[in-house]
Amino acid sequence: MFRVYACITQQHDLRLVVLAGLICLLASYTAFSLAGRAVEASRRLRFAWIITAAVASGSGVWATHFIAMLAFQPDLPVTYAIDRTILSILIAVLISGLGLAVAMSPWRATRVLGGLIIGAGIGAMHYTGMSAVHLSGALIYDPTLATASLVIGMAMAAVATTIGFAGHSHFRRVAGALLLTIAICGLHFTGMAAVHILPDSAVAVPGEAIAPFWLATAVTAVTVLILGLGLVGSTVDEHLTSRSRLEATRLRASERRFRQLADATFEGIIIHVDGEIVDANQAMCRLLDQPIDWLIGRQVTEIVAPGGHDMIRRRMTEQNLEMQEIDLRYGDRGSIPVEIFAQTIDYGKGTARVVAVRDIRERRAAEAKIRYMAHHDALTGLPNRSLFHDRLDQAVAFARRNGVAVTVLCLDLDRFKTVNDLTGHTGGDLLLKQVADRLRSSVRDHDTVARLSGDEFAVIQLGAAAVDSASVLAERLVKTMALPFDLDGQQMVIGTSIGLALFPGDAESGEDLVRAADTALYRAKSAGRGTYRFFEADMDARLQERRLLERDLRQALAVSQFELYYQPLVGCGTDDILGFEALVRWRHPERGLVSPVEFIPVAEECGLIMPLGEWVMRTACAEAAGWQNDKRIAVNLSPVQFRHVDLAKQILTILGQTGLSPSRLELEITEGVLMEETERTLATLGTLKAAGVSVSLDDFGTGYSSLSYLQRFAFDKIKIDRSFIWEMERNADSMAIVRSVIALGRSLRITVIAEGVETAAQLALLQDENCDQVQGFLLGRPMPARELADLVTAAAE
Ligand code: C2E
Ligand code: CA
Ligand code: CA
């Protein structure tokens, strides 16, 4: 230490030493400033800043050394070899540049390494510079001090970089600069203290041209200029950078705000440049269920269903502000219907498109629901009338193009109103649902089943080539509908009538086809229900006729066109007239006498059976009451009459008014009466029976022929249907039935009567079987009341 101190104080011009120290400090500070710029600069500019820092620090270090050398005043004249001097500058620049580049890393170890490199560079520069010194003598180094100089230089430089590069603060930069100054000066002056000069006059030295002071001034001026420029450059750059950093921060903040805003919206947002997605918000990621990284860099067309590609490409450029609906789709995921709205924005140096994407799945679902509701029956879920007609028109158009057939089946439930009255609307609804299910499961998938109204249904069968396959379906439907329905534990039997019409053939349009099927349905109902009918060309005419009949029928009652005929009921074998069956006749002004077979169903259909039935009852009772004997009168009752009126009360009233004894009245009912509203019907019949009226089961053997009815109600008489009597002679089965019914009646103590007896042979057979009573043309035709008078009187005699 003392040697160094002594060296500085005794062998140096102190003014120049101070100058060297200041230059060194300036150089160190500049080096740190420029290196700081390099740290912050973009990659492109970093190298330029490192070179600048290397030049500044290298030349500063060298200038320090050189001025310090000028301050060194041995007693001998000194000169410098140009080449070595230049070499020393280059070494200073290169190695300190390298050191700075290494030291500006964020890791402490490399900062230390960089400092060591810088220290070594200073050392290399110093000793190269020393080797350029020429004087009349030899320079001898003290190895200890020389080594110490290197150790001090490298160690202090390492401390300088470790502290100076640890952060960006001005304080660290100043501290680093001071420490580096100590490193440089420490190395230099320790190195100088290591020097001994052995004067040797044999060594020639070129003459000195420039005084050390002026040389020092010149070097100082140039160095200060270099350093000053570097410092100014670094300061300006720092200022600019910090401003741009401020702007960048502000920009980032606004970007962040924008992103938050974008993410907060429910709508998906994507930004694309020429179709390539460059950004998207969270809603968009959620919509596609993909992370943002997946989206960015993708083509817009990759997330749009192929159908929308053309539109997307078109809309990429045009300033169209209209909403547009498209489907999003990618991979094999389902499609998402969306509404998009695009706009061009400035983006970087060019433009981009911002596309707002609104998920319209819910809206579509709501629309679909509304559409569905508009076209379907809410109760059964079946297509309604409007959808049915749409489908039918389509089917007809298809059939016309492809030369296939279309069949329309119109269905009408047979006893629906009864079920509805009995079980209330809940039961009716339940029934309709079950009917819908049965219909649906009876047709093929591409057939349409629709509910047209109340209990009216229809089926479109497409491609049913022939009448055959249509009738197979109709038959199947009639059968399944005849099976009992379970309405919450209550068994109900209904049934259906079906009318069928075919395209081509019966009609040319869907609408006409339905009309034709309706006509056929009417016929099916007239034919006794529970059956089907195909449309026939003359049906329309017959329907027309039927309508006229209905119209005339309404007037007939008012103008007394009805008459009652009476047919005798005779004791089998005795030939005694026991009573008469009242049979209604209609004397039509143009048609003449119309058969009840023709007009009773019409009267039932249009409700006229009620007043007509009442008229028949009143007339028959009044007639019989006028007879001089106690012969019975049989009156037919329609099932419909049981439906609406308090029939028992009506009949008992008539009996009271006409004065006919209830024991002389026989009511003829068919099984059909008991099929409907069994309990109520049984109650009505029970009341009448209790009043003394008898009840006969008419047309026995036709229809359902369920013996359970015989068990449930105590009939007084069974009428074997005339069809069995007619076939009895030729058909063994019919004979067997007649025989067993007679036997059954006997065992149950029920009178049995055979109707429709036309021949003596039939009568003989019935007598053989001990049938109780007979009725038929053989024994007496139905006759008007005036003809009856003689017969009744005669019988009474
Ligand atoms: P029904 O109750 O079975 O009446 C018997 C039918 O058989 C009557 O036909 C009668 O004229 C007919 N007939 C009787 N003996 C013979 C015979 O030996 N040979 C043939 N071929 N026919 C015979 P009608 O009078 O034409 O009545 C037909 C049906 O109309 C009746 O069948 C009945 O169901 C209904 N009907 C008639 N009058 C009334 C009525 O006042 N009220 C109701 N609700 N129905 C009635
Ligand atoms: Ca009858
Ligand atoms: Ca009968």
Side-chain angles (χ1 to χ4, degrees), residues 526 528 553 556-557 561-570 572 577 579-587 592-605 607-624 632-645 647 650-651 654 665-673 694-703 705 715-729 738 741 752-763 766 773-785 788:
S526 314
L553 204 54
L557 208 63
Q561 286 175 357
F562 293 109
E563 297 171 14
L564 279 188
Y565 272 43
Y566 300 89
Q567 186 177 28
L569 312 172
V570 179
C572 186
I577 293 176
F580 296 87
E581 179 179 1
L583 296 162
V584 70
R585 296 288 178 267
W586 180 15
R587 197 168 295 280
L593 218 54
V594 185
S595 163
V597 178
E598 255 184 86
F599 69 78
I600 292 288
V602 181
E604 286 177 337
E605 199 88 43
L608 264 178
I609 192 70
M610 309 304 270
L612 178 62
E614 194 180 343
W615 177 84
V616 169
M617 183 63 69
R618 189 178 302 281
T619 311
C621 289
E623 175 70 33
R632 292 161 162 261
I633 181 78
V635 178
N636 294 286
L637 288 177
S638 155
V640 180
Q641 286 175 270
F642 281 85
R643 225 180 262 166
H644 300 281
V645 193
L647 194 62
Q650 184 190 81
I651 291 170
I654 290 171
L665 180 63
E666 282 180 21
L667 301 175
E668 293 196 6
I669 63 166
T670 55
E671 282 170 307
V673 171
S694 347
V695 183
S696 309
L697 186 57
D698 202 357
D699 300 346
F700 191 77
T702 62
S705 298
F715 286 99
D716 299 285
K717 193 188 268 187
I718 301 172
K719 284 187 103 170
I720 305 175
D721 190 70
R722 51 190 182 272
S723 57
F724 296 102
I725 308 304
W726 294 339
E727 289 185 358
M728 209 166 46
E729 289 164 277
V738 170
V741 173
V752 177
I753 180 168
E755 66 177 2
V757 180
E758 293 182 344
T759 65
Q762 288 165 351
L763 183 62
L766 290 164
Q773 299 177 8
V774 282
Q775 176 185 7
F777 291 171
L778 181 71
L779 305 138
R781 288 184 169 261
M783 63 194 88
L788 187 69

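Remember, it's 1-based here, ligands and their atoms both numbered in the order they're listed.
At least one N or O atom of E758 sits closer than 3.5 Å to an N or O atom of ligand 1. Some N or O of V584 is nearer than 3.5 Å to an N or O of ligand 1, by distance alone.
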Evaluation steps, side-chain contact (heavy atoms from CB on, under 4.5 Å), between L665 and I633: CA-CA 5 Å; L665 180 63; I633 181 78; 4.0 Å; yes
Step-by-step side-chain contact (heavy atoms from CB on, under 4.5 Å) determination, N636 to I600: CA-CA 11 Å; N636 294 286; I600 292 288; over 6 Å; no
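At a threshold of 3.0 Å, the Ca ion (ligand 2) has a backbone or side-chain N, O or S atom of E668 nearer than that distance. Using a cut-off of 3.0 Å, one finds that E755 contributes no N/O/S atom close to the Ca ion (ligand 2). Contact annotation: N636 places an N, O or S atom under 3.0 Å from the Ca ion (ligand 2).
Nearest to atom 31 (C) of ligand 1 by heavy-atom distance, out of L583, L564, D721, is L583. With R722, E668, Q762, E598 as candidates, the residue nearest to atom 1 (P) of ligand 1 on a non-hydrogen basis is R722.
Counting heavy atoms closer than 4.0 Å to ligand 1, residue D698 contributes side-chain atoms (C-beta onward) but none from N, CA, C or O. Contact annotation for R781 and ligand 1: no heavy atom of the residue comes within less than 4.0 Å of the ligand. Contacts between R585 and ligand 1 below 4.0 angstrom, taking non-hydrogen atoms only, involve the side chain exclusively. Residue W726 touches ligand 1 through its side chain alone, judged by heavy-atom distances below 4.0 Å.
Looking only at protein heavy atoms, the nearest one to atom 24 (P) of ligand 1 is P596 CG, 3.6 Å. For atom 43 (C) of ligand 1, the closest heavy atom belonging to the protein is N636 CB, 3.5 Å. Summary of contacts: the protein heavy atom closest to atom 15 (N) of ligand 1 is Q567 NE2, 2.8 Å. Taking atom 13 (N) of ligand 1 as the reference point, the nearest protein heavy-atom neighbour is F777 CE2, 3.8 Å.
Ligand 1 has no atom lying under 4.0 Å from any heavy atom of Y565. Using a 4.0 Å cutoff on heavy atoms, Q775 does not count as a contact of ligand 1. Residue-ligand proximity: G756 is placed with a non-hydrogen atom under 4.0 Å from ligand 1. The closest approach between any non-hydrogen atom of K719 and ligand 1 is not below 4.0 Å.
Taking the six-membered ring for Trp and the full ring otherwise, F562 and F599 have centroids separated by under 6.0 Å.
Across all non-hydrogen atoms, the minimal contact from D699 to D721 is OD1-OD1, 3.3 Å. The nearest pair of heavy atoms linking P611 to G607 is CD-O, 3.6 Å. Residues Q775 and P568 come closest through the heavy atom pair CG-O, 3.6 Å. Of all heavy-atom pairs between E729 and A761, the closest is OE2-CB, 3.2 Å. Heavy atoms only, all atoms of each residue included: E623 and A785 are closest at OE1-CB, 3.7 Å. Of all heavy-atom pairs spanning V673 and S638, the tightest one is CG2-C, 4.4 Å.
A salt bridge between R722 and E755 is present, with a side-chain N of the basic residue lying under 4.0 Å from a carboxylate O of the acidic one. With respect to the salt-bridge test (charged N to carboxylate O, under 4.0 angstrom), the residues K719 and E666 do not qualify.
Taking every heavy atom of V757 and a limit of under 4.0 angstrom, the matching atoms of ligand 1 come to 18 (O). Set against the non-hydrogen atoms of E755, the atoms of ligand 1 under 4.0 Å away are 3 (O). Close contacts of ligand 1 with D699, meaning ligand atoms under 4.0 Å from a residue heavy atom, involve 3 (O). Within the listing of ligand 1, atoms 15 (N), 18 (O) sit less than 4.0 angstrom from a heavy atom of G776. Heavy-atom proximity to V616, at under 4.0 Å, picks out these atoms of ligand 1: 41 (O). Close contacts of ligand 1 with E581, meaning ligand atoms under 4.0 Å from a residue heavy atom, involve 2 (O), 4 (O). Near P782, with a cut-off below 4.0 Å to any heavy atom, the atoms of ligand 1 are 11 (O).
When side chains are defined from C-beta on, L766 counts as touching V738, because their heavy atoms get closer than 4.5 Å. Looking at heavy atoms from C-beta onward, L553 lies out of side-chain contact with E605 at the 4.5 angstrom threshold.
When distances from atom 3 (O) of ligand 1 to the protein are checked, a heavy atom turns up under 4.0 Å. The presence of a protein heavy atom under 4.0 Å from atom 34 (O) of ligand 1 is ruled out.
Between the OD2 atom of D698 and the OE2 atom of E581, the angle taken at the Ca ion (ligand 2) works out to 170° after rounding to 10°.
Under a 3.5 Å cut-off, the side chain of Q567 and the backbone N or O of G780 do form a donor-acceptor pair. D716 contributes a side-chain N or O that, together with a main-chain N or O of V695, makes up a donor-acceptor pair within less than 3.5 Å.
Each of E563, E598, Q561 was compared with W586 under the side-chain hydrogen bond (donor to acceptor under 3.5 Å, both in side chains) criterion, and only Q561 meets it.
Taking the Ca ion (ligand 3) as reference, the nearest N/O/S atom within D699 carries the name OD1.
By the side-chain hydrogen bond (donor to acceptor under 3.5 Å, both in side chains) test, E758 pairs with no residue at all, sequence neighbours left out.
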